[in-house]
Amino acid sequence: MTAKILDGNALAQKLRTDFKTRAEALAARGTRPGLAVILVGEDAASQVYVRNKVNACAQAGFHSEKITYTPDVDPRVVLEKIAELNADPKIHGILVQLPLPKHFDSDAVLRAIAPEKDVDGFHAENVGALMQGQPRFIPCTPYGIMKFFAEAGIDLKGKEAVVLGRSNIVGKPMAMLLMQASATVTVCHSQTRDLAFHTRRADVLVAALGKARFVTAEMVKPGAVVIDVGINRLPDGKLCGDVDFAAVSEVAAWITPVPGGVGPMTITMLLANTLEAAERGTR
Ligand code: GUN
């Protein structure tokens, strides 16, 4: 079997064209969707992600502001900035790029964001709302993955879904969304015994563990849908995912490539959430 590709660039392009039209309509009524992105420190990957987010805003006709701090900044300075952005009518979405330096209480920073501007969906109130099946904002990466399933007509009802990774950013919200779509969900993590036992049962496998080419063909059920959230840099400088793409493509029915799979969709759903926040403000 040679898997069909879930093309993140193509789906992102399609969605972003619609967002641009909606943003123009909103701007004509006096509201340009606005996103503020806060970056603390000099992590190279975070700098690239933040730059991509700001560029995506410009292309979609959104207003954006990038606020950067040195890694030794006093957390109170960041909290004051968040308070200012909470009150700024030009800003509909606020995102604090994670991870934050060790001297930060990340939960406290996320809780300082006004829940109605929390376009990452990481504020405790929004996490709770998602858990109750009433999400205000769906976290961008799992949201983008759900769009892949919808676009490809993949029905999750009754499917065995296995999520590798239990992070607040991907694993936990992903599991919640799959469960709400009536899949039977297993979450595996670093302490899971016999991981391959679980992955081989998966009709839908989401790999978000941050280990280059960890998922091999032997770990995948023939005909599975394989979603690769990993972005790992190989010694030769090339990017690769958590899945051995070449080998797993021969086993799976559907697969996301890296790059060009989940990555572009994550940024696209950030635009979706920011646009949604701006539209809600005008209703
Ligand atoms: N770091 C890695 N992924 C994300 C994300 O989706 N949002 C934020 N804020 N930080 C991240």
Side-chain angles (χ1 to χ4, degrees), residues 8 12 34-57 64-69 71 75 78-79 81-82 85-86 91-102 104-115 117-127 130 135-148 163-177 206-211 227-233 239 241-242 256 258-259 261-274 276-277:
L35 175 70
V37 182
I38 296 177
L39 172 63
V40 184
E42 283 143 9
D43 180 73
S46 290
Q47 285 178 346
V48 173
Y49 298 149
V50 166
R51 194 187 324 131
N52 290 344
K53 288 170 185 177
V54 169
N55 288 345
C57 280
S64 72
E65 292 177 25
K66 179 174 136 188
I67 302 119
T68 57
Y69 296 102
V78 177
L79 292 173
K81 185 69 196 180
I82 292 173
L85 294 166
N86 283 341
I91 296 299
H92 307 94
I94 302 170
L95 178 150
V96 177
Q97 186 66 27
L98 300 174
L100 286 164
K102 290 212 168 17
F104 273 78
D105 176 348
S106 297
D107 285 338
V109 171
L110 296 174
R111 267 199 305 273
I113 298 171
K117 294 192 178 187
D118 169 38
V119 285
D120 259 331
F122 294 165
H123 187 293
E125 184 180 312
N126 289 333
V127 174
L130 174 68
R136 183 192 264 130
F137 295 110
I138 300 174
C140 304
T141 299
Y143 193 4
I145 293 169
M146 295 305 282
K147 289 281 176 193
F148 274 130
V163 180
L164 305 182
R166 55 178 158 177
S167 72
N168 290 339
I169 295 178
V170 183
K172 286 184 204 165
M174 185 78 253
M176 210 53 61
L177 293 171
V206 180
L209 41 82
K211 289 190 181 170
I227 306 290
D228 191 349
V229 182
I231 303 179
N232 309 289
R233 201 164 286 280
L239 289 182
D242 291 349
T256 62
V258 176
V262 172
M265 288 303 295
T266 293
I267 298 185
T268 300
M269 302 329 288
L270 175 64
L271 296 175
N273 283 345
T274 303
E276 175 69 25

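Bear in mind that the values here come from a model prediction, so they are computed numbers and not experimental data. One-based numbering, in listed order, for ligands and for the atoms of each.
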[Y] and [X], any side-chain heavy atoms less than 4.5 Å apart:
X    : Y    : result
L130 : L177 : yes
T68  : V50  : no
F104 : V96  : no

Taking distance alone, with N or O pairs closer than 3.5 Å, would you say [X] contacts ligand 1?
X    : answer
L98  : yes
T266 : no
T141 : no

Which residue and non-hydrogen atom of the protein lie closest to [atom], and at what distance in Å?
atom                    : answer
atom 11 (C) of ligand 1 : Q97 NE2, 3.4 Å
atom 3 (N) of ligand 1  : I169 CG2, 3.8 Å
atom 8 (C) of ligand 1  : D120 OD2, 3.4 Å

Enter the distance from [X]:[atom1] to [Y]:[atom2] here, rounded to the nearest 0.5 Å.
X    : Y    : atom1 : atom2 : value
I113 : L85  : CD1   : CG    : 9.0 Å
D242 : L164 : CG    : CG    : 8.0 Å
D120 : N126 : CG    : CG    : 10.0 Å

Please classify the V96 to ligand 1 contact at 4.0 Å (heavy-atom distances, strictly less than): side chain, backbone, both or neither.
backbone

Under 4.0 Å from a heavy atom of L95: which atoms of ligand 1 are those, numbered in the order shown and with their elements?
9 (N)

Would you say Y49 contacts ligand 1, with heavy atoms under 4.0 Å as the rule?
no

Atom NZ of K53 with >12 non-hydrogen neighbours under 6.0 angstrom
yes

